[in-house]
Amino acid sequence: MFPACAVRLRALHILRAPRGGVLPPAGERRAAQKLFSSEKVIHKDRSLPNSSWNSDLKLMFDQFMKKCEDGSWEHLPSYGSRSSQIVQYFKEVFLETKLRKDEQMLSQARLFTRSYEDGLGFEYVMFHNEQEKRTVCFCQGGPYLQGPPGFLHGGSIATIIDETASMTAIIAGGIVMTVNLNINYKRPIPLCSVVVINCQVDKIEGRKLFISCDVRSIDEKTLYSDATSLFIKLDPNKSLT
Ligand SMILES: CCCCCCCC(=O)SCCNC(=O)CCNC(=O)[C@H](O)C(C)(C)COP(=O)(O)OP(=O)(O)OC[C@H]1O[C@@H](n2cnc3c(N)ncnc32)[C@H](O)[C@@H]1OP(=O)(O)O
């Protein structure tokens with residue numbers, strides 16, 4: 001276990017201790033509270049520019065923020081740990097009681113795509129167009145996502161495609177999970193370059209949502225990958241496990 005992790009667990013234990021009857025010393029409680037209040041940083045919107053963003057990513061962000069002004073596009077915020085109502089609902093309805101009660105594990109859980117430090121992994125921002133049922137994601141894949149030297153790992157490309165397609169499906173259908181993802185890798189993506197992932201809802205049949213995506217250079221001249229995916233809307237009456 002990492003030392004930081006151990007500190008968090010200790011702090012969590014201290015804050016929970018009154019339920020066990022014995023109150024830890026006030027100094028220890030204050031330190032524990034401070035540690036957790038400083039973690040509000042986890043909830044900062046990670047889809048806003050930071051110093052690791054290159055000029056292409058900043059440019060695309062600015063262009064699409066402008067498009068949001070007339071309401072046709074919407075900027076989708078993104079957090080290190082998902083904390084939206086949909087996630088709360090997911091936890092309440094679909095997470096087994098055993099898992100839900102494991103607060104230590106849940107408090108450490110991070111969204112995979114937001115688990116790297118700034119600039120090392122996925123730097124991305126998404127925008128959604130409701131009328132077109134379309135989501136675009138601008139992504140700069142950092143050095144920790146390397147596969148072949150100088151290029152992105154195919155799994156990291158699949159991850160950001162899945163993340164963008166999931167957002168598209170969740171907006172259209174509520175609580176869904178990916179059941180199928182097919183990707184054609186056509187050209188390798190240079191590390192630290194910015195790509196645009198364009199996802200749209202092709203059709204909805206009952207609980208099935210069919211989403212298609214392509215990944216291109218921002219000048220749209222290079223098609224790096226295309227993909228189709230199938231999402232299933234979860235049935236609250238069926239257990240996930
Ligand atoms: C809230 C935030 C969510 C964020 C999600 C982010 C994206 C992700 O990372 S998801 C993680 C990876 N995905 C998974 O782990 C999903 C694993 N799969 C499952 O748990 C189950 O398949 C689940 C719960 C999605 C659906 O199960 P269940 O409700 O029993 O549906 P089931 O009856 O089997 O299938 C429904 C329909 O879909 C079809 N279907 C299911 N899987 C597939 C597939 N792989 N290909 C084609 N069709 C399929 C079935 O044939 C069925 O069709 P029909 O109704 O015509 O007979």
Side-chain angles (χ1 to χ4, degrees), residues 42-47 74-103 105-116 121-128 130 133-139 141 144-145 147 152-185 195-215 225-241:
I42 292 164
H43 298 295
K44 87 173 181 193
D45 183 358
R46 299 280 306 273
S47 72
E74 185 193 348
H75 168 241
L76 304 177
S78 164
Y79 302 94
S81 52
R82 293 188 203 258
S83 57
S84 60
Q85 282 179 336
I86 207 163
V87 169
Q88 290 311 323
Y89 178 77
F90 184 98
K91 282 183 188 166
E92 276 158 34
V93 178
F94 297 106
L95 213 54
E96 267 183 34
T97 318
K98 192 172 72 167
L99 282 172
R100 208 164 53 221
K101 284 197 173 146
D102 192 344
E103 293 183 22
M105 182 276 289
L106 285 179
S107 70
Q108 288 180 34
R110 296 287 175 273
L111 182 61
F112 176 31
T113 48
R114 293 298 188 192
S115 59
Y116 295 86
F122 302 92
E123 290 296 336
Y124 64 95
V125 54
M126 289 187 203
F127 296 90
H128 179 74
E130 182 52 30
K133 303 270 179 249
R134 196 154 73 87
T135 307
V136 293
C137 172
F138 298 100
C139 179
Y144 281 20
L145 305 183
L152 286 185
H153 193 287
S156 69
I157 299 167
T159 298
I160 196 66
I161 289 175
D162 194 27
E163 187 63 14
T164 313
S166 300
M167 281 307 293
T168 313
I170 287 170
I171 291 169
I175 299 189
V176 297
M177 279 179 112
T178 321
V179 294
N180 183 267
L181 175 61
N182 279 302
I183 302 177
N184 298 306
Y185 295 101
V195 297
V196 54
I197 299 137
N198 219 311
C199 286
Q200 64 185 34
V201 180
D202 289 339
K203 62 177 172 176
I204 300 178
E205 280 176 0
R207 293 169 58 208
K208 299 178 196 170
L209 291 94
F210 297 82
I211 310 286
S212 61
C213 297
D214 60 37
V215 184
S225 302
D226 57 33
T228 54
S229 50
L230 175 60
F231 289 82
I232 304 291
K233 202 172 161 150
L234 299 191
D235 179 345
N237 299 313
K238 280 189 183 175
S239 162
L240 276 182
T241 51

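Whatever order the structure lists ligands and atoms in, that order sets their numbers, starting from 1.
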For the CG atom of Leu145 and the OG1 atom of Thr113, what is their distance to the nearest 0.5 Å?
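So the CG of Leu145 and the OG1 of Thr113 are separated by 10.5 Å.
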Contact summary for Met126 and Cys137, nearest pair of heavy atoms:
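That closest heavy-atom pairing would be CG-CB, 3.7 Å.
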For Ala172 and Leu209, which heavy atoms make the closest approach, and how far apart are they?
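The pair with the smallest heavy-atom distance is CB-CD2, 3.8 Å.
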Geometry only, no angles: is [X] polar-contacting ligand 1 at N/O separations under 3.5 Å?
X	result
Lys208	yes
Val176	no
Asp235	no

Identify, by atom number and element, the atoms of ligand 1 in contact range of [X], meaning under 4.0 Å from any of its heavy atoms.
X	value
Leu240	24 (C)
Leu234	24 (C), 25 (C)
Asp162	7 (C), 8 (C), 9 (O)
Ser166	6 (C), 7 (C)
Leu230	46 (N), 47 (C), 48 (N), 49 (C)

Lys NZ or Arg CZ of Arg46 over Tyr124 ring: under 6.0 Å, within 45°
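No, a cation-pi geometry is absent between Arg46 and Tyr124.
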Between Thr241, Ile232, Val179, which one has a non-hydrogen atom sitting closest to atom 44 (C) of ligand 1?
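Among Thr241, Ile232, Val179, the closest heavy atom to atom 44 (C) of ligand 1 belongs to Val179.
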Just going by heavy-atom distances, which of Thr178, Ile170, Asn180 is nearest to atom 10 (S) of ligand 1?
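Among Thr178, Ile170, Asn180, the closest heavy atom to atom 10 (S) of ligand 1 belongs to Thr178.
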Please check if the side chain of Asp45 supplies one atom and the backbone of Ser78 the other of a donor-acceptor pair under 3.5 Å.
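Between the backbone of Ser78 and the side chain of Asp45 there is a qualifying donor-acceptor contact (under 3.5 Å).
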Could you tell me whether the side chains of Asp214 and Asn198 share a donor-acceptor contact shorter than 3.5 Å?
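No, no side-chain donor-acceptor contact under 3.5 Å.
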Would you call the rings of Tyr116 and Phe122 parallel, tilted or perpendicular if under 30° counts as parallel and over 60° as perpendicular?
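Geometry flag for Phe122 against Tyr116: perpendicular rings.
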